[in-house]
Amino acid sequence: MFKGPGGMGDMMGLMKQAQKMKKDMKKLKKEISKTNITVTNDDNSISLVINGDHLVQKITISEDIDINNINNLENKLKEVINRGNKEVDKMSSEKLSALSKQGIPTDLPF
């Protein structure tokens with residue numbers, strides 16, 4: 001077997017490193033997916049639980065909200081959903097940045 005730069009030993013090492021990166025990335029993406037984030041709108045009248053896949057898990061609406069004012073309700077829902085999505089993106093970026101600091105590209109397709 002060849003040793004040194006460009007040899008088969010280097011190729012095997014790179015393949016092992018790539019397999020480890022793939023495993024680490026899958027594990028992290030699974031962890032992110034299972035993470036739930038809770039956010040509320042500015043007046044705490046609507047609470048939202050959203051997971052790392054941006055899927056809404058639960059919405060809680062305060063009894064104090066005037067459900068007859070549809071425009072107000074729509075705006076509050078939009079506010080809390082947008083806030084939840086931003087928090088998920090922030091959490092994902094923070095967790096993925098740990099891998100990128102190790103030299104692992106975070107945009108791999110796995």
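Since the structure is predicted, the reported quantities are computational estimates derived from the model, not experimental observations. Computed from heavy atoms alone, side chains included, the values below leave out hydrogens, waters and symmetry copies.
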d(Asn82 CG, Glu87 CD) to nearest 0.5 Å is 12.0 Å
Side chain Arg83, main chain Val39, donor-acceptor under 3.5 Å:
no
Could you tabulate the donor-acceptor pairs under 3.5 Å formed by side-chain atoms of residues 58-72, not counting sequence neighbours?
residue: Ser62; atom: OG; partner: Asp64; partner atom: N; Å: 3.1
residue: Asp66; atom: OD1; partner: Asn68; partner atom: N; Å: 3.0
residue: Asn69; atom: OD1; partner: Asn72; partner atom: N; Å: 3.2

Pair Asp89-Ser93, side-chain donor/acceptor within less than 3.5 Å
no
Report the C-alpha distance between Lys76 and Asp42 in whole Å, list the side-chain angles of each, state the deciding distance to 0.1 Å, and finish with yes or no for salt bridge (charged side-chain N to carboxylate O under 4.0 Å, His left out).
CA-CA 9 Å; Lys76 288 176 183 285; Asp42 286 338; over 6 Å; no
In Å, rounded to the nearest 0.5 Å, how long is the span from CD of Gln17 to CE of Met21?
5.0 Å
What's the separation between atom NZ in Lys23 and atom NZ in Lys20, rounded to the nearest 0.5 Å?
8.0 Å
Side-chain contact, heavy-atom cut-off 4.5 Å: Ser47 with Thr38?
yes
Tell me, do Leu55 and Ile50 make a side-chain contact under 4.5 Å, heavy atoms counted?
no
Working to the nearest 0.5 angstrom, can you tell me the gap between Ser33 OG and Lys30 NZ?
9.0 Å
dist Gln19:CD -> Leu14:CG (nearest 0.5 Å) comes out at 11.5 Å
Stepwise side chain to side chain contact (heavy atoms under 4.5 Å, CB included) check, Asn51 with Lys34
CA-CA 6 Å; Asn51 71 14; Lys34 289 182 177 183; over 6 Å; no
Check: Gln57 side chain, Asn36 main-chain N or O, donor-acceptor pair, under 3.5 Å
no
SB check Lys29 Asp24 (cutoff 4.0 Å):
no
Should Ile32 and Met25 be counted in the same cluster of Ile, Leu, Val, Met, Phe, Trp and Tyr side chains packed under 4.5 Å apart?
yes
Could you check whether any side-chain heavy atom of Thr35 comes within less than 4.5 Å of a side-chain heavy atom of Val88, counting everything from C-beta outward?
no
Applying side chain to side chain contact (heavy atoms under 4.5 Å, CB included), run through Leu48 and Val56 and close with a yes or a no.
CA-CA 7 Å; Leu48 172 81; Val56 174; 3.4 Å; yes
Full working for side chain to side chain contact (heavy atoms under 4.5 Å, CB included) between Leu77 and Ile46
CA-CA 7 Å; Leu77 283 169; Ile46 299 178; 3.9 Å; yes
Under a 3.5 Å distance rule, please check whether Asn41 uses its side chain to pair with a backbone N or O of Ser45 as donor and acceptor.
yes
